[in-house]
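Here the structure is a predicted model, which means the values were calculated and not measured.
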Amino acid sequence: MNSANHRVRIVDAQTLSDDWYLLKKYTFDFQRHDGSWQRLHREAYDHGDGAALLLYNRQRKSVILTRQFRLPAFINGSDGMLIEVAAGLLEGEHPEERVRKEAEEETGYRINNIEKVFEAWMSPGSVTEKLHLFIAEYHPGDQVSDGGGLPEEGEDLEVLEMSFSDALAAMQCGSINDAKTIMLLQYAALNKLM
């Protein structure tokens, strides 16, 4: 594996798991600031890049979010039910096209005008995922189904329309604690979208 960074030399990559996603253990040499080289070992979980979309309505001062079960959150002590923006893995598609499909599958809204706001590494210490984050204004006429996700993918999402102020309050009290959702709600607040 070649690196664009001349301070990193991948020595070995060992597959530990290739079930739900790919987990590899890497051995690599890293050149420190003083010029010396250090051999390190790290595991990296690769499940591909993703895209997320905050749907907001300026006139109604509202957002569309979903609530769904997340096993890792459950294992780490919560009830596992997270409130989130529509999101999904790219699976080889362009981020904007993928997030349109995810929004329709999850929320039931077919959206045309999407704006990319930034990209972010979600957990760069252990996960390769880069997330493409978008916003889009929705209108009641954009709703084409009830949403809820795809049962064949194990999705069983509850669609929530919340006032923007309630969403911010839920974020502040910890009811909304999903990173991508917090980032997009904060973006909306900082840029006075509502």
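- Annotation: side chain to side chain contact (heavy atoms under 4.5 Å, CB included) contacts of R42 (sequence neighbours excluded): F28, L40.
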- Which is it for I114 and R100 under the side-chain contact (heavy atoms from CB on, under 4.5 Å) test, yes or no, and what are the steps along the way? CA-CA 8 Å; I114 295 176; R100 277 183 214 281; 3.2 Å; yes
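- With hydrogens and angles disregarded, a donor-acceptor distance shorter than 3.5 Å links the side chain of S78 to the backbone of A73.
- Residues that satisfy the side chain to side chain contact (heavy atoms under 4.5 Å, CB included) test with A44, not counting sequence neighbours, are Y26, T128.
- Shown here for F118 and M183, the closest heavy-atom pair between the two residues is CE1-CE, 3.4 Å.
- Both L65 and M122 belong to a single network of hydrophobic side chains, linked directly or stepwise wherever heavy atoms of I, L, V, M, F, W or Y lie under 4.5 Å apart.
- Residues satisfying the side-chain hydrogen bond (donor to acceptor under 3.5 Å, both in side chains) criterion with N177, sequence neighbours excluded, are absent altogether.
- Grouped with W121 in a hydrophobic cluster is no other residue, since no side-chain heavy-atom contact under 4.5 Å to another Ile, Leu, Val, Met, Phe, Trp or Tyr is found.
- Partners of E93 by side-chain hydrogen bond (donor to acceptor under 3.5 Å, both in side chains), not counting sequence neighbours, listed by chain and number: R98, K101.
- The salt bridge (Lys or Arg N to Asp or Glu O under 4.0 Å) test applied to E155 returns no partner, not counting sequence neighbours.
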- Test log, rule side-chain contact (heavy atoms from CB on, under 4.5 Å), inputs F74 and N76: CA-CA 5 Å; F74 177 78; N76 199 23; over 6 Å; no
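- The cluster map of Ile, Leu, Val, Met, Phe, Trp and Tyr, joined by side-chain heavy atoms under 4.5 Å apart, puts L90 and I135 in different clusters.
- Defined by atom type and a distance below 3.5 Å, a donor-acceptor pair is present between the side-chain atoms of H132 and K116.
- Partners of R39 by salt bridge (Lys or Arg N to Asp or Glu O under 4.0 Å), not counting sequence neighbours, listed by chain and number: D29.
- Applying the side chain to side chain contact (heavy atoms under 4.5 Å, CB included) rule to R110 yields the partners E104, V144; only residues at least two apart in sequence or on another chain are considered.
- A heavy-atom distance below 4.5 Å is not found between the side chains of E158 and Q68.
- The ring pair (Phe, Tyr, Trp, His ring centres under 6.0 Å) check on Y109 picks up Y138, with sequence neighbours excluded.
- Here the closest heavy-atom approach between residue S175 and residue C173 is recorded as OG-SG, 3.3 Å.
- Within the 4.5 Å cutoff, the side chain of I64 has no heavy atoms near those of the N57 side chain.
- In this structure, the side chain to side chain contact (heavy atoms under 4.5 Å, CB included) partners of D178, at least two apart in sequence or on a different chain, are E84, K180, T181.
- For the pairing with L185, the side-chain contact (heavy atoms from CB on, under 4.5 Å) check across L193, V85, I176 returns one residue only, I176.
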- Message: Quick one, V63 with M194, criterion side-chain contact (heavy atoms from CB on, under 4.5 Å). Give me CA distance, side-chain angles, the key distance, then yes/no.
- Response: CA-CA 10 Å; V63 294; M194 289 168 269; 3.9 Å; yes
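- S123 places no side-chain N or O within donor-acceptor distance of the main-chain N or O of S126, the cut-off being under 3.5 Å.
- Annotation: cation-pi pair R9/W37 present, NZ/CZ under 6.0 Å from the ring centroid and within 45° of its normal.
- Residues that satisfy the salt bridge (Lys or Arg N to Asp or Glu O under 4.0 Å) test with E161, not counting sequence neighbours, are R60.
- The main-chain N or O of H139 is found under 3.5 Å from a side-chain atom of D142 such that the two form a donor-acceptor pair.
- The distance from atom CG of D156 to atom OG1 of T66, rounded to the nearest 0.5 Å, is 11.0 Å.
- Not counting sequence neighbours, the partners of H47 by the ring pair (Phe, Tyr, Trp, His ring centres under 6.0 Å) test are Y21.
- In summary, the aromatic rings of F164 and Y56 are positioned with their centroids too far apart to meet the 6.0 Å limit.
- No side-chain N or O of D19 forms a donor-acceptor pair with one of S17 less than 3.5 Å apart.
- For the residue pair A86 and A103, the shortest heavy atom distance occurs at CB-CA, 3.9 Å.
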- Item | side-chain contact (heavy atoms from CB on, under 4.5 Å) evaluation trace for L160 with I83 | CA-CA 9 Å; L160 309 170; I83 298 174; 4.1 Å; yes
